[in-house]
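Below is one structure, written out as structure tokens; comments come after it.
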Amino acid sequence: HVQLVESGGGSVQAGGSTRLSCAASGLTSSRYCMAWFRQVPGKEREGVAQIDSDGSTSVADSVKGRFIISKDNAKTIVYLQMISLEPEDTAVYYCAADRYGGTLVSGDFAFWGQGTQVTVS
């Protein structure tokens with residue numbers, strides 16, 4: 001049974017930084033593609049960053065240079081470090097996992113966390 005639990009969301013001032021964590025259980029993160037998505041009401045879920053089983057990463061253009069995804073395979077935790085936050089980054093951030101995944105395509109991910117709210121003001 002795969003379970004993903006996000007933490008680290010909250011309120012942040014514009015220009016500030018924060019780090020989200022996703023604790024995964026029921027899977028081996030070194031064998032899974034892990035990703036972060038975000039969604040605001042009325043809009044489609046947007047892919048933010050992805051880290052493949054081999055450690056290669058992909059980052060959406062909208063956050064490139066500001067967001068970094070990383071993982072700790074020993075602890076099966078995936079992180080999203082976010083800096084220079086903007087009000088437009090306000091969203092619910094979701095952790096996702098899949099044995100194969102795609103490239104920041106939500107439909108390619110089978111497992112999802114409940115999400116954590118990040119509010120930038």
Side-chain angles (χ1 to χ4, degrees):
H1 176 65
V2 175
Q3 187 174 18
L4 305 174
V5 180
E6 303 96 335
S7 61
S11 298
V12 186
Q13 288 190 337
S17 62
T18 192
R19 187 178 74 167
L20 305 182
S21 299
C22 171
S25 60
L27 60 81
T28 303
S29 61
S30 62
R31 299 179 181 178
Y32 274 70
C33 176
M34 309 290 294
W36 287 94
F37 289 77
R38 66 185 182 185
Q39 190 169 24
V40 298
K43 292 189 176 182
E44 292 187 358
R45 195 165 292 188
E46 173 192 19
V48 175
Q50 174 175 318
I51 185 164
D52 294 335
S53 58
D54 64 359
S56 59
T57 61
S58 301
V59 180
D61 288 343
S62 58
V63 302
K64 194 165 291 183
R66 299 189 299 120
F67 290 12
I68 298 173
I69 187 170
S70 62
K71 64 178 178 176
D72 183 332
N73 285 331
K75 298 179 180 178
T76 61
I77 298 176
V78 178
Y79 303 100
L80 184 67
Q81 179 69 49
M82 305 187 289
I83 66 170
S84 301
L85 283 161
E86 304 167 352
E88 292 73 24
D89 296 318
T90 295
V92 177
Y93 284 73
Y94 296 91
C95 179
D98 194 87
R99 183 67 178 84
Y100 303 103
T103 303
L104 297 178
V105 176
S106 60
D108 290 340
F109 287 82
F111 304 105
W112 292 85
Q114 293 299 308
T116 185
Q117 176 72 45
V118 174
T119 302
V120 184
S121 59

Inter-residue atom distance S53.OG - Y100.OH, 0.5 Å rounding = 10.5 Å
Kindly give the heavy-atom pair with the smallest separation between Q39 and E44, and that separation in Å.
-> NE2-C, 4.0 Å
Separation of E86 CD from S121 OG (nearest 0.5 Å) = 13.5 Å
Same cluster or not: are W112 and V48 linked, directly or through other Ile, Leu, Val, Met, Phe, Trp or Tyr residues, by side-chain heavy atoms under 4.5 angstrom apart?
-> no
Can you name the salt bridge (Lys or Arg N to Asp or Glu O under 4.0 Å) partners of D54, sequence neighbours left out?
-> none
E88 and S62 side chains, donor-acceptor separation under 3.5 Å = no
Please name the pair of heavy atoms, one in T18 and one in Q81, separated by the smallest distance, quoted to 0.1 Å.
-> O-NE2, 3.5 Å
Residues A14 and P87: closest non-hydrogen pair is CB-CD, 4.2 Å
Is there a side-chain contact between Y79 and D72 (heavy atoms, below 4.5 Å)?
-> yes
Any donor-acceptor N/O pair, Q114 side chain to E6 backbone, under 3.5 Å = no
Applying the 4.5 Å side-chain criterion to the ILVMFWY set and letting contacts propagate, would M82 and Y94 be lumped into a single cluster?
-> no
How would you list all residue pairs meeting salt bridge (charged side-chain N to carboxylate O under 4.0 Å, His left out) that involve residues 89-106, not counting sequence neighbours?
-> R38-D89, R66-D89
Joint cluster assignment, V12 & V63, ILVMFWY side-chain distance < 4.5 Å | yes
Rounded to the nearest 0.5 Å, what's the gap from CD1 on I77 to CE on M34? Could you check?
-> 10.5 Å
List the steps and the verdict of side chain to side chain contact (heavy atoms under 4.5 Å, CB included) for W36 and V78.
-> CA-CA 9 Å; W36 287 94; V78 178; 3.6 Å; yes
Heavy-atom closest pair (L104 atom, Q50 atom, distance to 0.1 Å) is N-OE1, 2.7 Å
If you look at every heavy atom in V92 and G115, which pair is closest and at what distance?
-> CG1-CA, 3.8 Å
Does F67 reach the side chain of I69, with side-chain heavy atoms less than 4.5 Å apart?
-> no
Taking T57 for the side chain and I51 for the main chain, is one N or O donor matched with an acceptor at less than 3.5 Å?
-> no
Value for CD (E46) from OG (S106), rounded to nearest 0.5 Å, stands at 11.0 Å
Under the ring pair (Phe, Tyr, Trp, His ring centres under 6.0 Å) test, residues paired with F109 that sit two or more places apart = F37
Just by modelled atom types, is the T119 backbone N or O under 3.5 Å from a matching donor or acceptor in the S11 side chain?
-> no
Correct closest heavy-atom pair for L27 and L4 would be CD2-CD2, 4.3 Å
Could you tell me whether the side chain of K64 and the main chain of S58 form a donor-acceptor pair under 3.5 Å?
-> no
